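For reference, the structure discussed in these notes is given below.
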Amino acid sequence: MSGQYHRSHSRAWFLERPGYIRFMIRELTSFFVAAYLVVLILTLGRAAAGEAALAEWLQALSGTGWMVAHGVALVMAVWHAVTWFKAVPQAMPIFIGEKKLDAPVAAVLMGYGPWLTVTAGVVWWAVR
Amino acid sequence: MSDSKTITLELFRYHPETDSEPRFQSYEVPYDEDWVVLDAINWIKDYVDGSVTHRWSCRMGVCGSCGMMVNGEPKLTCAAFLKSYYPFPVRVEPLVNFPVERDLVVDMDGFMEKLRDVKPYIIRDDVNDTSQGEYRQSPAELAQYKQYSMCINCMLCYSACPVVGHEEEFLGPAALALGHRYNKDSRDRGKSERMEVMLSNEAMWGCTFVGECSVVCPKHVDPAGAIQQAKAMGAQEYFKRFVMPRGAGTKGAGASRGAGA
Amino acid sequence: MSGAARGGGKGGRPARPSSEAFWWALFSAGGVMAALFVPAFILTTGFLLPSSDAMAAAGGAGKVAAAVGWWPVRVAIFGIVALSLFHCAHRIRHTLMDLGLRRAGGVLKVLCYGGAAAGCVWLGAVLARV
Ligand code: SF4
Ligand code: FES
């Protein structure tokens, strides 16, 4: 309709609300997770190439640059996990009769609990 | 009332027959702690400028017609107290993501079409046949969708959603939550019909779970949660259609019925 | 309200649901995997293994390689990493669309999911040799 006024969105809409900024940070985690996964496949490739190759690669990974990179990736991956576990009770509510399980309880049951178990398991498996 | 306190309201003004561009007009309004933004706009219309155009009805947060942007935030103006802004000016604009009809009034036709698209009513073939008794629903079955039935169609969530602003096909928070409300209703048999619409390209999948719709919703509907559940339901439906022919005996048949007497 | 009048009785050709449902399912499963496993993986391959003390404790690189070589571990790693890759691909694609590349949606789809698929092939080849 010609008489109507249409407001167009700013290109920088993602700065308009704090919630949008939080959203963008959450989405950005996927970029860092993907980058880490590539490094992980490289690491597996070195493991496939033999003991010496893996040892040499791990030696390189102990450098400061790689440590910082992994530190950033870890923060982002943890943030992905935290935001994911926050969403789980919203996306998969559990009902006990007519009562919905409280979000924090559901987050621990379906998120943080399994997370701690898995993390402890993987770390134990790696350093055992 | 020159000695009493006042507060400034800056209203978005746009009259299509005279204005090519919108403008803001400032009004000094007597400040009353108990007043909401809507009271101030009504005062302006009654005592200063009768040409100000806005929508409202119930003044108690149930009709959903008074939604506007208040200092950039989508709000029910009948629930936004002046005292949370005083002494600073309050800027009132029409809801974003909607075409502006006039001043603070937006065109909600697109929204109404989206609501209609999700078939927001109970669908079943045996609806006229009540001889076997009523359709019973347990409190647990009611709890499955009750939250999503609290929507007052205020459209605040549409103003909070960036995807609504960028993707025309997207049905938007309230419509999807309402579709989900009926999909979760134990009396309903129309899920596959509704899914027909919801599963199409960007209708539902355009949602990236920004989540601000649930933040601004005055009725705690949590449309963001409803949409994620609907996506999970839709994915199930999608994989099921590979296995089974479409709509195989879901409607009407096998409906649970109260035993009557 | 009869069945035919409801508009559901369009009959004939069933509307094909979009493949978005499929990608979303991968995204969702991958999101769970990434949340549960990736922090632990980073901790392990980024910090524990490269630090020499832990390496000594693990009995050297050879033992690590041997442990990864056990086939259930390989299958698990493949599943976790492959799904996580598709999670990332989906999220990156939708974020870029939200950022204004909506009209390049088709290209993004090929690039993102294609990239994830390529990563899966690479991963599979690597794991087959471990
Ligand atoms: S879901 Fe909430 S914000 Fe959206 S229209 Fe309904 S009541 Fe308003
Ligand atoms: S006037 Fe009815 S909700 Fe505000």
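All of these numbers come straight from a predicted model, not from anything done at the bench. In what follows, chains carry the letters A, B, and so on, assigned in the order in which the sequence lines appear, proteins first and then strands, with residues in each chain numbered from 1.
Heavy-atom distances place both the backbone and the side chain of C/Phe22 under 4.5 Å from chain B. Of the atoms belonging to B/Gln236, not a single heavy atom falls under 4.5 Å from chain C.
Distance CE/B/Met204 to CH2/C/Trp24: 8.5 Å, rounded to 0.5 Å. With values rounded to the nearest 0.5 angstrom, C/Ser19 atom OG is found 7.5 Å from B/Asn201 atom CG.
The shortest non-hydrogen separation linking C/His94 to B/Thr208 is CB-CG2, 3.5 Å. Here the shortest heavy-atom pairing between C/Ala25 and B/Phe239 reads CB-CE1, 3.7 Å.
Contacts with chain C were tallied for B/Gly234, B/Pro162, B/Ala232, B/Gly165; B/Ala232 has the most, counting heavy-atom pairs under 4.5 Å.
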Exercise for the section: Test side chain to side chain contact (heavy atoms under 4.5 Å, CB included) on B/Lys231 and C/Glu20 and set out the steps. Expected result: CA-CA 10 Å; B/Lys231 285 177 185 168; C/Glu20 287 298 319; over 6 Å; no
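Among residues 100-119 of chain C, the residues having any heavy atom closer than 4.5 Å to a heavy atom of chain B are, in sequence order, C/Arg102.
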